[in-house]
Amino acid sequence: MHDIRMIRTDPAGFDAAMARRGLAPVSAALLAQDADRRAAQTALQEKQARRNALAREIGQGKRSGADTAALEAEATVLRADMEGLESRAGALDAAIRGVLEALPNVLDPDVPDGADERANLVLSQSGTPRDLGFQPKQHFEIGEALGLMDFAAAAKLAGARFVVLRGALARLERALGQFMIDVHTREHGYTEMVVPSLVNDAAMYGTGQLPKFADDLFRTTDGRWLIPTAEVPLTNTVAGEILPEVSLPRRMTALTDCFRSEAGAAGRDTRGMVRQHQFRKVELVSITHPDHSAAEHERMTASAETVLRLLELTYRRIVLCAGDTGFGSTKTFDLEVWLPGQQAWREISSCSNCRDFQARRMGARFRGADGKPVGFVHTLNGSGVAVGRALIAVLETHQQADGSVLIPQVLWPYMGGMERISGSAGG
RNA sequence: GGAUGGGUGGCCGAGCGGUUGAAGGCAGCGGUCUUGAAAACCGCCAGGGGGCAACCCCUCGUGGGUUCGAAUCCCACCCCAUCCGCCA
């Protein structure tokens with residue numbers, strides 16, 4: 001959500017910022033409505049002031065036994081005048097708000113121009129794709145050959161884009177999630193959270209999924225929404241709050257299921273576990289002072305990278321270009337993991353600095369040490385990392401010629417000492 | 001799902017038609033005192049919006065309504081607590 005005063009101050013700059021997102025200029029129309037709104041509001045307020053004065057006079061008159069009939073008559077007329085102004089101001093306000101809440105965040109100057117993912121920039125890389133010495137399989141080939149990954153069973157239960165895992169693979173999924181939470185709580189200072197997987201409209205609005213992206217979500221019959229990411233409940237924990245500055249930054253992590261309708265993804269990634277309606281993810285959320293969000297963004301991304309490094313995966317960091325950066329983000333780093341079976345880099349984490357965009361929508365502020373409210377906090381979110389995709393990456397990266405999979409050493413304690421998943425590891 | 005009681009400023013809590021945007025307390029900030037601290041005392045201290053400004057307007061869960069005037073009365077909805085029922 002944008003501050004209309006910012007647009008008033010620099011309409012050309014705002015239009016230029018939206019142009020980077022491929023959007024037509026809106027500031028002229030918006031500011032015209034804004035001027036009308038303020039005129040109506042000012043006129044209304046003058047009448048309200050008069051009404052308040054009359055009410056006070058009438059009150060005093062009644063107590064002293066004076067005749068207040070004339071004053072009451074004036075007030076009655078005044079009320080009729082106010083109704084028109086009130087509805088006009090309200091309608092304009094709603095119209096302006098409707099436009100503002102559908103506009104994406106302003107991009108950071110560092111974000112490269114470009115319309116789609118082809119313009120994303122690779123910033124760094126850890127490890128290099130290497131020849132495994134045999135023809136690598138894709139994760140679903142590995143999992144199905146082991147008898148531990150079953151898409152047919154999932155289809156019977158729920159339809160396409162779900163999976164059933166068994167035995168060692170089910171345990172590996174659990175191990176990955178546990179391990180990531182432990183890394184972030186022990187090494188990176190995040191507080192572990194358990195949060196609702198169903199949220200209300202206000203929460204979805206606060207982080208920006210609503211009103212524009214309802215089609216991407218699942219909705220319950222009682223009007224709640226299944227979270228597409230723990231970013232929603234975690235970030236909204238500070239909605240409506242005025243936080244003491246000394247309590248910042250607040251770092252939270254949670255392992256949750258995530259639910260996505262994948263409405264626009266028909267035909268993409270139809271095989272395997274890459275794109276599912278339900279998947280688990282460890283999410284990282286930071287609430288920071290505005291001065292510190294850029295540094296926190298770097299720190300958060302590095303925290304996610306730590307997980308990938310410990311899992312002995314090959315990955316690279318990219319910065320998303322203008323056209324690929326999400327609605328609420330000013331700047332997004334994606335981490336892409338190398339999948340030898342697919343011979344492709346695939347997103348496994350996405351870390352965004354939303355600055356005050358979500359905070360403004362949800363009313364999340366902080367109060368400085370001098371006791372004065374000084375403004376909106378900044379919010380950041382990132383995957384630390386997507387568990388399902390980490391499972392895929394582990395399978396494809398650590399697969400062996402005989403069809404077994406070596407488990408990264410950091411996971412051994414979580415696997416009850418198991419170091420390899422092979423055909424007999426059904427459990 | 002049924003019943004009852006509640007939602008007031010950062011927190012607690014009074015107010016239950018007429019200078020109440022809101023007593024009092026706690027916390028916070030500034031000061032006096034003190035070698036320093038504590039205590040005591042004094043002062044400040046909700047948010048949002050409009051206006052060049054003086055200043056004004058809005059907000060006591062949300063939305064309507066009654067009234068010259070609503071935190072206070074009426075209606076609907078939301079949320080919370082407790083008890084009952086059901087239940088992992």
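Letters go in sequence order (proteins before strands), and every chain restarts at 1.
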Whole angstrom is fine here: how far is it from CD in Glu86(A) over to P in G50(B)? 17 Å
For Arg251(A) versus His188(A), what's the shortest heavy-atom pair and its separation? CD-O, 4.0 Å
I'd like to know if Arg97(A) pairs up with Asp93(A) as an ion pair, taking the criterion as any Lys NZ or Arg NE/NH1/NH2 lying under 4.0 Å from an Asp or Glu carboxylate oxygen. no
Quick note, side chain to side chain donor-acceptor pair (under 3.5 Å) partners involving residues 142-156 of chain A, not counting sequence neighbours, are Asp150(A)-Arg166(A)
At under 4.0 Å between heavy atoms, how does the protein contact nucleotides 51-76 of chain B? Give one character per nucleotide, 5' to 3', with B, S or -. S----BBS--------BBS-------
Both atom distances under 3.5 Å, Watson-Crick or G-U wobble: I'd like the secondary structure of RNA chain B as a dot-bracket string, with | for pairs made across strands. ((((((((.[[[..)..(.....]]].(((((.......))))).(((((....))))).[[[[[..)....]]]]])))))))....
Nearest-Å distance once atom P is located in both G61(B) and C79(B): 16 Å
Mind jotting down which residue pairs meet the ring pair (Phe, Tyr, Trp, His ring centres under 6.0 Å) criterion with at least one end in residues 141-162 of chain A? Sequence neighbours excluded, please. Phe162(A)-His277(A)
For C86(B) versus C74(B), give the span between their P atoms, rounded off to a whole number of Å. 35 Å
So, is Arg367(A) near the phosphate of C45(B), with a side-chain N or O under 4.0 Å from OP1 or OP2? no
Check for me whether Arg174(A) meets the cation-pi criterion with Tyr414(A), that is, NZ or CZ under 6.0 Å from the six-membered ring centre and within 45 degrees of the ring axis. no
Euclidean distance for P, C12(B) against G30(B) (whole angstrom): 25 Å
Can you list every pair that meets side chain to side chain donor-acceptor pair (under 3.5 Å) and has a residue in residues 230-244 of chain A, with sequence neighbours left out? Glu231(A)-Gln358(A), Glu231(A)-Asn381(A)
Basic-acidic side-chain contact under 4.0 Å: Arg51(A), Glu74(A): no
What pairs of donor and acceptor atoms, side-chain ones from residues 286-295 of chain A against any protein atom, are under 3.5 angstrom apart with sequence neighbours left out?
unit_1, atom_1, unit_2, atom_2, d
Ser286(A), OG, Glu296(A), OE2, 2.6
His289(A), ND1, Asp291(A), N, 3.0
Ser293(A), OG, Asn353(A), ND2, 3.1
Ser293(A), OG, His378(A), ND1, 2.8

Between G9(B) and G47(B), how many Å separate the two C1' atoms, rounded to a whole number? 9 Å
